[in-house]
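Working notes for the structure below.
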Amino acid sequence: MKFEDYRFVPEIKKSILEMGFKRPTDIQYKAITPILKGEDVLAVAQTGTGKTAAFAIPVLQLLATTPRVENAIRALVLAPTRELAIQIEKVFCDIAKYTHLKTLCVVGGIEQNSQVAVLESGVDVLIATPGRMFDLIYQKHISITKVKILVLDEADKMLEMGFINDIRDVKKFLPKEHQTLFFSATISLTIKDLAYSLVRKAIRIQVSPQNTVSKNVEHSVAKILMDDKRFFLEKIVKEHPESKILVFVRTKVRAERVKKALERVNINSVTLHGDKDQNERNAALKIFTAGTVKVLVTTDVSARGIDIKNVEFVVNYDVPDLDENYVHRVGRTGRGDKKGWAVTFCSPEEEVLLASVEKYLGGPIPIIEMGAGEYEETKLFSEDVNNDWKTLMKSIAKEEEKVYKPKKVQFKKKK
């Protein structure tokens with residue numbers, strides 16, 4: 001079936017064809033029809049399968065074909081992170097651009113007055129992170145009492161981030177009769193219990209085996225000492241100068257340290273983590289997306305929701321603490337029909353974490369065989385080592401000059 005075969009309003013059909021959508025992906029094909037019928041949906045699909053469009057297209061179709069209520073939010077989409085919320089907003093705006101429907105994204109880290117001004121003029125679709133949304137509700141800038149469709153995207157991440165009470169509380173503000181769409185990249189017993197407590201006789205959709213990653217991604221593990229990881233990252237970047245490379249680290253401090261290590265070997269990179277304000281985050285994503293800078297170093301804040309085209313490499317500089325984060329990290333590459341590579345650097349102290357990830361995936365990740373000679377050669381030819389060696393030699397030369405330089409003898413003239 002093709003998108004042109006669906007009975008969408010002409011404005012939506014025009015925009016999705018302009019976006020290059022010809023045939024629906026599996027999740028889109030299975031989700032669009034029940035959503036249009038008003039069914040509650042519980043959908044499990046890995047990242048990169050087109051699940052945002054799977055709910056955005058039918059939600060906008062429903063809104064475009066039902067009477068508009070003045071100054072009423074009719075669809076609410078909740079997302080766990082600012083980046084994901086902004087990404088969802090873009091998809092909604094692209095699909096709705098020829099319609100009369102208005103969309104707004106409200107997230108923390110941005111001054112709220114501009115958001116309030118748009119709210120006062122009325123919006124049909126509100127996309128939000130839970131914290132900022134409840135702030136605006138309690139300040140009486142938002143009313144969701146007329147919402148007809150609730151979308152919970154990346155629900156497992158919201159659960160992980162401690163938003164479970166917020167998810168339950170939002171139901172208290174909604175009208176009794178509303179449609180709930182529950183989307184998640186992974187499924188667990190806790191998520192399943194939460195989902196079935198929120199939906200009514202939901203249509204269950206699962207388009208991929210449990211906890212799997214894209215078949216378009218080639219996975220590998222390199223056994224590397226913790227202090228040597230920077231040399232191997234340098235090698236990957238310099239061997240693939242035209243490739244976009246997304247580097248995941250465990251902490252914000254690690255992100256900045258890796259950036260400085262790359263600077264020492266003349267590699268430009270940008271960082272993205274929780275200490276960055278929204279403007280800094282947007283700027284980093286903009287230059288990485290444009291390809292101005294080829295390397296983005298980030299924490300797991302970007303493991304979901306960042307849909308950047310043509311990311312060829314994901315480097316797990318640190319093995320993730322949470323098994324499911326491996327799935328979300330490597331889901332940033334190999335999207336659609338593109339090929340991607342995921343390389344994990346594993347130090348001896350991370351072996352336990354790696355074993356847990358492999359158990360979660362259901363099998364071992366192939367190891368990059370590397371002899372002692374190749375390992376040492378990578379370190380030896382690093383510019384970081386060379387620069388340190390040059391600095392050391394200059395320092396030694398100066399010391400030698402101080403020690404061995406003969407003093408000038410001053411002869412006194414005889415009177």
ask   = Can the positive tip of Lys14 be found less than 6.0 Å from the middle of the six-membered ring of Tyr98, inside 45° of the ring normal?
value = yes
Separation of Phe345 CZ from Leu225 CG (nearest 0.5 Å) = 12.5 Å
message = Tell me every residue that passes salt bridge (Lys or Arg N to Asp or Glu O under 4.0 Å) with Glu18, counting only those two or more places apart in sequence or in another chain.
response = Lys97
task = Dump the intermediate steps for side-chain contact (heavy atoms from CB on, under 4.5 Å) on Met133 and Leu78, then the final yes or no.
result = CA-CA 9 Å; Met133 184 198 69; Leu78 287 183; 3.6 Å; yes
ask   = Are side-chain N/O atoms of Thr66 and Lys148 paired as donor and acceptor at under 3.5 Å?
value = no
task = Identify the heavy atoms of Ile224 and Pro348 that sit nearest to each other, and give their distance.
result = O-CD, 4.1 Å
key: Check: Leu361 and His219 side chains under 4.5 Å, non-hydrogen atoms   = no
Residues, nucleotides or ligands: over 12 heavy atoms within 6.0 Å of Lys286 NZ = no
ask   = Just by modelled atom types, is the Ser269 backbone N or O under 3.5 Å from a matching donor or acceptor in the Lys259 side chain?
value = yes
query = If you look at every heavy atom in Thr129 and Val107, which pair is closest and at what distance?
reply = OG1-CA, 3.6 Å
message = Do Pro130 and Val170 have side chains that approach each other closer than 4.5 Å (heavy atoms only, starting at C-beta)?
response = no
ask   = Does any N or O in the side chain of Thr298 come within less than 3.5 Å of the main-chain N or O of Leu272, such that one atom is a donor and the other an acceptor?
value = yes
message = Are the side chains of His240 and Lys294 in contact, using a 4.5 Å heavy-atom criterion?
response = no
request  = May I ask you to decide if Lys146's main-chain N or O and Arg74's side chain share a donor-acceptor pair within less than 3.5 Å?
outcome  = no
ask   = With no hydrogens and no angle check, is any side-chain donor or acceptor of Lys244 less than 3.5 Å from a backbone partner on Lys309?
value = yes
request  = Mind checking the CZ-CD1 spacing from Phe55 to Ile32? Nearest 0.5 Å is all I need.
outcome  = 12.0 Å
inquiry  = Between Glu39 and Lys201 (salt bridge meaning N to carboxylate O under 4.0 Å), is one present in this structure?
reply    = no
request  = Please name the residue in the list Arg257, Arg329, Lys229 that meets the salt bridge (Lys or Arg N to Asp or Glu O under 4.0 Å) test with Asp318.
outcome  = Lys229
ask   = With no hydrogens and no angle check, is any side-chain donor or acceptor of Glu312 less than 3.5 Å from a backbone partner on Thr333?
value = no
ask   = Does a side chain donor of either His100 or Glu11 reach within less than 3.5 Å of an acceptor in the other side chain?
value = no
ask   = Angle class for the Phe3/Tyr6 ring planes (parallel below 30°, perpendicular above 60°, tilted otherwise)?
value = tilted
query = How are the rings of Phe232 and Tyr375 set relative to one another: parallel (under 30°), tilted (30 to 60°) or perpendicular (over 60°)?
reply = tilted
query = Backbone N or O of Thr378 within a donor-acceptor pair of the Ser382 side chain at under 3.5 Å?
reply = no
query = Which atom names give the shortest non-hydrogen contact between Ala31 and Ile205, and what distance separates them?
reply = CA-CD1, 3.6 Å
inquiry  = What I'd like to find out is whether the side chain of Thr103 reaches to under 4.5 Å of the side chain of Glu89, using heavy atoms alone.
reply    = yes
query = Hey, mind stepping through Val297 and Leu262 against side-chain contact (heavy atoms from CB on, under 4.5 Å) and telling me if it holds?
reply = CA-CA 10 Å; Val297 185; Leu262 291 173; 4.3 Å; yes
inquiry  = With a sphere of 6.0 Å drawn around NZ of Lys90, does it hold more than 12 non-hydrogen atoms of other residues, nucleotides or ligands?
reply    = no
inquiry  = For Asp5, is there an ion pair with Lys2 - N to carboxylate O distance below 4.0 angstrom?
reply    = no
query = So, do Leu181 and Val59 sit near enough that their side-chain heavy atoms are less than 4.5 Å apart?
reply = yes
message = Using the rule given for side-chain contact (heavy atoms from CB on, under 4.5 Å), can you reason through Ile86 versus Asn282, listing the C-alpha separation, both sets of side-chain angles and the distance that settles it, and then say yes or no?
response = CA-CA 10 Å; Ile86 292 167; Asn282 293 344; 4.0 Å; yes
message = I need the minimum non-hydrogen distance between Val106 and Leu104, along with the two atoms involved.
response = CG1-CD2, 3.8 Å
message = So does Ile35 get a backbone contact from the side chain of Gln179, meaning a donor-acceptor N/O pair under 3.5 Å?
response = yes
query = Roughly how far, to the nearest 0.5 Å, is OG1 of Thr299 from NZ of Lys276?
reply = 11.0 Å
ask   = Any chance OH of Tyr29 has more than 12 other-residue heavy atoms, nucleotides or ligands included, within less than 6.0 Å?
value = no
request  = Taking the side chain as every heavy atom from C-beta outward, state whether Leu285 and Leu296 have any atom pair closer than 4.5 Å.
outcome  = yes
Gap between atom CD of Gln139 and atom CD1 of Ile137 - 0.5 Å precision = 11.0 Å
Minimal non-hydrogen separation, Arg332 against Val314, with atom names = CB-CG2, 4.2 Å
inquiry  = For a 4.5 angstrom cut-off between non-hydrogen side-chain atoms, does Lys102 reach Arg68?
reply    = yes
query = Ring centroid separation for Tyr360 and Tyr326, is it under 6.0 angstrom?
reply = no
query = Could Lys359 and Asp323 be called an ion pair, given the rule that one side-chain N must be under 4.0 Å from one carboxylate O?
reply = no
ask   = Is a donor on one side and an acceptor on the other found under 3.5 Å between the side chain of Tyr317 and the backbone of Arg230?
value = yes
ask   = Within the side chain of Glu234, is there an N or O that forms a donor-acceptor pair under 3.5 Å with the backbone of Val265?
value = no
inquiry  = Distance check, rounded to the nearest 0.5 Å: Gln206 atom CD versus Ser184 atom OG?
reply    = 10.0 Å
remark   = Nearest heavy-atom contact between Asp94 and Ser15 is O-CB, 3.5 Å
inquiry  = If the threshold is 4.0 Å, N to carboxylate O, is there a salt bridge linking Lys51 and Glu154?
reply    = yes
query = Is the closest side-chain heavy-atom distance between Val357 and Asn325 below 4.5 Å?
reply = no
note = So CD1 of Ile95 and CG of Leu101: to nearest 0.5 Å the spacing works out to 11.5 Å
Working for side-chain contact (heavy atoms from CB on, under 4.5 Å), residues Glu256 and His273 = CA-CA 9 Å; Glu256 295 301 329; His273 52 70; 2.8 Å; yes
